[in-house]
Protein chains: 2
Amino acid sequence: MNKRNFTIYDIAKEASVSPTTVSRVLTGNPVVKESTRQKVLAIMKELDFSPNEAARRLTKQQTDLIGFILPDITNPFFSQIYIEVEKKALEKGYTILLRNSMNISAMESTHLREFTERRAACIVFMGGRINKTNPDMYEVTEMQEVMSRVPIIMINGKMKGVKSYTIRTNEEEGIRSIVKHLVSLGHSKIALIGGSKGISSADNKLSSFKRILKEFHLEFNQDWQIFSDFSVESGRVAMKKLLENESLPTAIIGINDLIIYGAVKECRDQNISINDFSFVGFDDIYPSDIVYPSLTTVNHNYEILVNEIMKTIDNIIAGKTNKKGKLIDTHLIIRESSKEC
Amino acid sequence: MNKRNFTIYDIAKEASVSPTTVSRVLTGNPVVKESTRQKVLAIMKELDFSPNEAARRLTKQQTDLIGFILPDITNPFFSQIYIEVEKKALEKGYTILLRNSMNISAMESTHLREFTERRAACIVFMGGRINKTNPDMYEVTEMQEVMSRVPIIMINGKMKGVKSYTIRTNEEEGIRSIVKHLVSLGHSKIALIGGSKGISSADNKLSSFKRILKEFHLEFNQDWQIFSDFSVESGRVAMKKLLENESLPTAIIGINDLIIYGAVKECRDQNISINDFSFVGFDDIYPSDIVYPSLTTVNHNYEILVNEIMKTIDNIIAGKTNKKGKLIDTHLIIRESSKEC
DNA sequence: TTGTATGCGTTATCAC
DNA sequence: GTGATAACGCATACAA
């Protein structure tokens, strides 16, 4: 049923030229005479010629493929970044290949192998193993092996002993802006919920949080720091635990926005007024402007982040050297969920 | 800086066997003696050998690539479907390639061309031109040309005169379940907002809606049918227009969930109690369980939908024949946003 | 069980 | 301007 795929030989024969000439018009080589170019183009259109990508890749040793590994594209935090990178990549003529790891190490391995076999120009990596405070030995080794062939750009993560390109959000600054904002609203009893131990984005935020509380001469209350996970559901779980305390905070910071969605939901389910608390998230994913109450949260400056990613990719592909580490500033988006104490 | 890529020739030389033998262990051909297989594998590991994907594709004429075109992966409706297809594809050993069209016809063309050049086994297509009630002549022609080489599976859309595989939600049944539900709650004044004229998912829902109102002996009120678009923002716009009417409905159906998110937001901004209306969406994207009030909406039976997609892909790749058109039933998810009149 | 020779469809290097 | 010819790296038919 499927039409046969013609080759440049077919075109050449039909146009009474050599395959070389056909290849030249294909690559846009300007030496070929205009009349023959037209002739060849006409035949191509007539036969609905479509050049074989695999053959092309094989001869042109260099590739323009960007591999993109992230945990879950249904998570707005990742999709917001991914889509912008895809758009810019397309503009520049790069090919981009998305893979979801679901934070499963074995899937990451599969994807890394695939990208290596495809001779990707570089790999953008988010989540999973680069977000572990203590990654497995095997993961580190594999990462190093891959990197000896294809450069890896780690977004909001890093790996001890692996010197890749890293582009990170200045999370400490983000946490500071939250605390500052809450203090200005009169809050002094602040909780931090969500995330899980061993995941650096949670570990780091926690240690930043402790440090910053000191800066503001506030006390850290261990009862108000509750690990769970990073999902909406785990936000409910964390909030539930938090509410079991005798003494409660007046403000609640979530490790990310999803946690707060869950926390708010838990309040509603327990018939607790959401006005009893100020809520602040982290990430500023797009539903945070839609949910009620709209969420005060830390924005990653996605545009700058994506620009830095693209700049790094460009440099890698152009063979230029890069600064290995970049830190992106955040900005606080103030919405309804945070209010006077 | 990058390590050289070894070939099967390098491995062969090092292992003192022929390249053919190396190729055999690579493809898992069982004829090779266990001892030589071990020897070859050892060398491969030692040299960190990685087979060149492009070369492989070139010799094995057949490909396992699935192209996936959708408007925007940040839209949960699409990402929910995509991620499930990706998971199952990975299990089956297929390779999947995602492309966002942003509903731009030229981008669709670019992606279609790319997939053709990659000799994709099939293309899954959502949104854009297959969702136009009257597609351009060029779009139809191009689609037909592509389909003469690679089969296209259209999800929730179709194209006049193009006989592709189609898998569609039974939208009329979905609308019927909404109206039935609202009527059972005592509503008789029902609005339909969002979507835009010329997009079949909106056109079809509208005509279904009219038909079904008749079934229930209710009158269609043109003032309560407002086209806008498919985004949250357009939901606000539509709601704003609706509220300008002297006489208002008691229930509001959105062309999709996003429209209702916007409509609810507009109510809040105008200090209109959201309890004045019952809201029902369509799609059951995941934030609909998170937003407040949680949204009554029509679920596409995503699992069945995705299974049908996979079944169709399997059959195409296996060379079996398929039923060309499939219709998936929906089910209504009742949450807080719909209530007694 | 292993090896030789050839093809896959394109691009690149030479000549002419 | 154009055309032979040789890669590119792997898989496979055929031979041994």
Side-chain angles (χ1 to χ4, degrees), chain A residues 2-41 43-44 47-65 95 113-114 116-120 149, chain B residues 2-41 43-44 47-65 95 113-114 116-120 149:
Chain A
N2 290 13
K3 206 190 289 183
R4 182 190 154 209
N5 285 313
F6 294 104
T7 72
I8 55 171
Y9 288 91
D10 300 315
I11 308 297
K13 188 179 289 178
E14 204 68 22
S16 312
V17 295
S18 75
T20 308
T21 300
V22 177
S23 173
R24 284 199 184 97
V25 342
L26 217 51
T27 53
N29 189 323
V31 300
V32 20
K33 210 203 307 182
E34 188 54 27
S35 62
T36 67
R37 147 173 278 108
Q38 290 307 333
K39 186 170 56 181
V40 170
L41 285 174
I43 305 286
M44 283 181 170
L47 299 188
D48 195 17
F49 172 73
S50 163
N52 184 312
E53 166 70 11
R56 265 188 158 159
R57 282 245 182 289
L58 189 57
T59 59
K60 319 206 335 171
Q61 287 300 60
Q62 175 236 30
T63 166
D64 54 4
L65 180 71
T95 303
R113 193 172 330 109
E114 180 187 358
T116 304
E117 294 183 355
R118 287 184 186 276
R119 306 294 186 252
R149 301 154 154 282
Chain B
N2 290 14
K3 207 189 288 183
R4 182 192 154 207
N5 286 315
F6 294 106
T7 71
I8 54 171
Y9 290 92
D10 299 314
I11 307 297
K13 188 179 289 178
E14 205 68 22
S16 312
V17 295
S18 76
T20 307
T21 301
V22 178
S23 173
R24 286 201 183 95
V25 343
L26 216 51
T27 53
N29 189 322
V31 300
V32 19
K33 207 203 310 181
E34 187 54 26
S35 63
T36 66
R37 148 174 276 109
Q38 291 307 333
K39 185 169 60 178
V40 170
L41 284 175
I43 305 285
M44 283 183 171
L47 297 189
D48 195 17
F49 173 72
S50 164
N52 185 312
E53 165 71 11
R56 268 189 150 159
R57 282 243 182 290
L58 189 56
T59 58
K60 321 207 330 172
Q61 285 301 60
Q62 175 236 31
T63 167
D64 54 4
L65 180 71
T95 303
R113 194 174 329 112
E114 181 187 357
T116 305
E117 295 184 355
R118 287 184 186 276
R119 306 295 185 250
R149 301 153 153 282

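Letters go in sequence order (proteins before strands), and every chain restarts at 1. Side chains are part of it too, since the values below use all heavy atoms of this structure and drop only hydrogens, waters and symmetry mates.
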Contacting residues from residues 14-22 of chain A, given that a heavy atom lies under 4.0 angstrom of DNA chain D: A:Val17, A:Ser18, A:Thr20, A:Thr21
What is the separation between atom [atom1] on [X] and atom [atom2] on [N], rounded to the nearest whole Å?
| X | N | atom1 | atom2 | value |
| --- | --- | --- | --- | --- |
| B:Tyr9 | D:dA7 | OH | P | 12 Å |
| B:Asn5 | D:dG9 | CG | P | 8 Å |
| A:Ile8 | D:dA4 | CD1 | C1' | 13 Å |
| B:Asn29 | D:dA13 | CG | P | 11 Å |
| B:Phe6 | D:dC10 | CZ | C1' | 17 Å |
| A:Arg118 | D:dC8 | CZ | P | 22 Å |

Nearest heavy-atom neighbours spanning [X] and [Y]:
| X | Y | value |
| --- | --- | --- |
| A:Pro51 | A:Arg56 | CG-NH1, 3.8 Å |
| B:Ser23 | B:Ile8 | CB-CD1, 4.5 Å |
| A:Ala12 | A:Ser18 | CB-C, 3.7 Å |

Tell me whether the side-chain N or O atoms of A:Arg119 pair up with the base of D:dG9 as donor and acceptor below 3.5 Å, since no angle test is needed here. no
Please work out if [X] contacts a base, only the sugar-phosphate, or nothing of the nucleic acid, heavy-atom cut-off 4.0 Å.
| X | answer |
| --- | --- |
| A:Ser23 | base |
| A:Arg57 | nothing |
| B:Val32 | sugar-phosphate |

Is it the case that over 12 heavy atoms from other parts of the model lie below 6.0 angstrom from the NZ atom of B:Lys13?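 It does not: B:Lys13 NZ has 12 such atoms or fewer within range.
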Report, as yes or no, whether the 6.0 Å neighbourhood of atom NZ on A:Lys60 holds more than 12 heavy atoms from other residues, nucleotides or ligands.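 Check fails, neighbour count at 12 or below.
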Would you indicate whether the side-chain heavy atoms of A:Val17 and A:Val22 approach each other to under 4.5 Å?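 A:Val22 reaches A:Val17 side chain to side chain.
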Side-chain heavy atoms of A:Phe49 within contact of A:Ile43, under 4.5 Å: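 They are not in side-chain contact.
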Check against side chain to side chain contact (heavy atoms under 4.5 Å, CB included), A:Gln38 and A:Leu41: CA-CA 5 Å; A:Gln38 290 307 333; A:Leu41 285 174; 4.3 Å; yes
Could you tell me whether a side-chain N or O of B:Arg149 sits under 3.5 Å from a main-chain N or O of A:Asp48, the two making a donor and an acceptor?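 Looks like yes, one N/O pair under 3.5 Å.
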Is there a donor-acceptor contact under 3.5 Å from the side chain of B:Arg57 to the main chain of B:Arg119?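 A pair under 3.5 Å: no.
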B:Asn29 pairs by side-chain contact (heavy atoms from CB on, under 4.5 Å) with which of B:Leu26, B:Val31, B:Val25? B:Val31
Using C1' atoms of five pairs at each end, report the bend of the helix from C:dT1-D:dA16 to C:dC16-D:dG1 rounded to 10 degrees. 30°
If each of B:Leu58 and B:Lys33 is mapped to the nucleotide of DNA chain C with the nearest heavy atom, which maps nearer the 5' terminus, i.e. the 5' end? B:Lys33
Using the heavy-atom set of chain B and a strict 4.0 Å cut-off, write down the first and last nucleotide of DNA chain C that makes it in, 5' to 3'.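 Going 5' to 3' along DNA chain C, contacts run C:dT1 to C:dG9.
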